[in-house]
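Since the model is a prediction, treat every value here as computed from it, not as a measurement. Letters A, B, ... are given to chains in the order of the sequence lines, protein chains preceding strands, and every chain is numbered from 1.
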There are 2 protein chains.
Amino acid sequence: MTAPRIVVDVENGVAPWRQVRDQLVRLISGGVLPVGARLPTIRQLAADLGLAAGTVARAYRELEVEGVLTTGRRQGTVVAALPSHAPDPLSAAAAEFVAVARSLGASEGEALNAVRAHYLGE
Amino acid sequence: MTAPRIVVDVENGVAPWRQVRDQLVRLISGGVLPVGARLPTIRQLAADLGLAAGTVARAYRELEVEGVLTTGRRQGTVVAALPSHAPDPLSAAAAEFVAVARSLGASEGEALNAVRAHYLGE
DNA sequence: GTTATTGTGTCGAGGTCTTGATACAAAACC
DNA sequence: GGTTTTGTATCAAGACCTCGACACAATAAC
């Protein structure tokens with residue numbers, strides 16, 4: 001498999017492991033990395049991203065604890081399930097959107113209109 | 001003014017200053033903290049959040065560099081302008097949500113229902 | 001059984017961040 | 001002018017993270 005598209009910005013105040021973890025979650029939730037897909041080895045991804053292997057291992061381990069990934073000594077790391085906090089990625093995305101909309105003080109109607117505008121705009 | 005609603009989670013891999021900064025951006029973009037509004041003093045917000053003053057100062061300084069805030073020795077820190085990167089945060093959030101929904105193959109109706117469910121869930 | 005693959009664990013070094021405290025300076029207020 | 005308010009700067013200590021390297025262990029392949 002080709003290396004997933006992950007980018008790490010070391011100056012943005014977000015820990016490298018967290019960035020890797022977050023972007024893996026997106027790739028998995030979005031179907032780019034489907035269940036059953038094999039991730040690059042820790043050493044490979046670390047080399048690709050210019051990180052230490054332990055840092056990538058941290059990200060993988062976070063997702064393993066969540067049940068998103070499974071790891072094996074020979075077969076490496078494989079996508080096991082969609083993120084458990086988001087068994088339904090659409091619902092998860094909506095939850096995040098609604099959280100943002102709420103913090104912006106938007107009403108339900110305003111949030112719905114914003115979504116409609118983007119579906120129509122396409 | 002009352003203290004803005006800011007929460008800091010020290011274990012999520014995102015630096016405290018970054019969390020403060022991000023949440024201030026949301027409050028400002030959403031109009032909760034309108035242009036001209038005065039923010040709590042660095043010491044006050046630090047005490048409220050259980051952080052060191054220097055950490056809050058870092059967040060304020062980041063936003064000052066971006067022109068979002070202006071600071072003065074006596075009048076404190078004031079909202080100067082909306083974040084230039086997000087002129088319309090609700091629309092941006094909706095765009096992101098729709099992009100994810102689309103990648104999941106969701107129809108407009110499904111996306112709207114997902115949003116409604118989270119607003120009703122409260 | 002041997003070899004290769006891959007994750008886990010450990011190590012010491014270095015760097016960064018955060019803390020709490022303090023001092024100073026600028027500005028506003030009285 | 002004196003006082004108060006508030007941001008900036010500095011400090012040392014502590015905590016934590018990341019690095020690169022290495023060793024070990026588990027597993028699969030041959």
Side-chain angles (χ1 to χ4, degrees), chain A residues 1-4 6-24 28 33 36-80, chain B residues 1-4 6-24 28 33 36-80:
Chain A
M1 66 165 290
T2 59
I6 296 181
V7 183
V8 174
D9 171 3
V10 296
E11 297 187 344
N12 71 0
V14 180
W17 70 264
R18 178 65 194 264
Q19 292 184 53
V20 172
R21 177 201 166 284
D22 288 349
Q23 288 177 57
L24 284 174
I28 294 167
L33 288 174
R38 178 152 174 228
L39 269 63
T41 66
I42 286 172
R43 292 185 176 90
Q44 181 62 57
L45 186 57
D48 291 345
L49 300 179
L51 298 176
T55 306
V56 173
R58 171 83 190 270
Y60 278 19
R61 187 161 57 246
E62 291 279 332
L63 292 178
E64 187 183 7
V65 166
E66 296 180 40
V68 176
L69 305 179
T70 59
T71 72
R73 288 302 173 88
R74 175 74 180 191
Q75 67 271 30
T77 303
V78 178
V79 179
Chain B
M1 67 165 292
T2 58
I6 296 180
V7 183
V8 174
D9 171 4
V10 297
E11 296 188 345
N12 72 0
V14 181
W17 71 262
R18 177 63 194 265
Q19 293 182 53
V20 171
R21 178 202 164 285
D22 288 349
Q23 290 177 56
L24 283 175
I28 294 167
L33 287 175
R38 179 153 173 229
L39 269 63
T41 68
I42 285 172
R43 291 183 178 89
Q44 181 63 57
L45 187 58
D48 290 344
L49 301 180
L51 299 176
T55 306
V56 173
R58 170 85 189 271
Y60 278 18
R61 187 161 57 247
E62 292 278 333
L63 292 178
E64 186 181 8
V65 166
E66 297 179 39
V68 176
L69 306 179
T70 59
T71 71
R73 288 301 173 87
R74 173 76 176 187
Q75 67 270 31
T77 302
V78 178
V79 178

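- When each of dG7(D), dG7(C), dT18(D) is scored by its nearest atom to the side-chain atoms of T71(B), the top-ranked nucleotide is dG7(D).
- For the pair T77(A) and A52(B), both in contact range of DNA chain C, the more 5′-proximal nearest nucleotide belongs to T77(A).
- Distance N12(A) CG to dT16(C) P: 16 Å, rounded to the nearest Å.
- Of the residues near DNA chain C, G54(A) and G76(A), the one whose nearest nucleotide (by heavy atom distance) lies more toward the 5' end is G76(A).
- No engagement by E11(B) is indicated, since no non-hydrogen atom pair under 4.0 Å with the nucleic acid exists.
- Backbone-only contact: G50(B) has heavy atoms under 4.0 Å from sugar-phosphate atoms and none from a base.
- The listed nucleotides are dG7(C), dG7(D), dT19(C); the one nearest the side chain of Y60(A) is dG7(C).
- Going from atom CZ of R58(B) over to atom C1' of dT18(C) covers 11 Å, rounded to whole Å.
- Nearest nucleotide to the Q75(B) side chain, out of dT6(C), dA27(C), dA28(D): dA27(C).
- Look at CD on Q44(A): it is 10 Å from P on dT6(C), rounded to the nearest Å.
- Rounding to whole angstrom units, CG of residue L51(B) and P of dT19(C) are separated by 5 Å.
- Looking at heavy-atom distances under 4.0 Å, A57(A) makes no contact with the nucleic acid at all.
- With rounding to whole Å, E62(A) atom CD is found 16 Å from dG7(C) atom C1'.
- Separating the CZ atom of R43(B) from the C1' atom of dA23(C) is a distance of 10 Å, rounded to the nearest angstrom.
- Atoms CZ (R74(A)) and C1' (dC30(D)) sit 9 Å apart, rounded to a whole Å.
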Apply the test side-chain contact (heavy atoms from CB on, under 4.5 Å) to residues L69(A) and L39(A): give CA-CA distance (whole Å), side-chain angles for both, the deciding distance (0.1 Å), then the verdict.
CA-CA 9 Å; L69(A) 305 179; L39(A) 269 63; 4.0 Å; yes

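- Of the possible polar contacts, none joining the R43(B) side chain to the A53(B) backbone as a donor-acceptor pair under 3.5 Å is found.
- Interface remark: the R38(A) side chain does not form any donor-acceptor pair with the dT5(C) base, using a distance-only criterion of under 3.5 Å.
- If you measure from atom CZ of R61(B) to atom C1' of dC17(C), you get 13 Å, rounded to the nearest angstrom.
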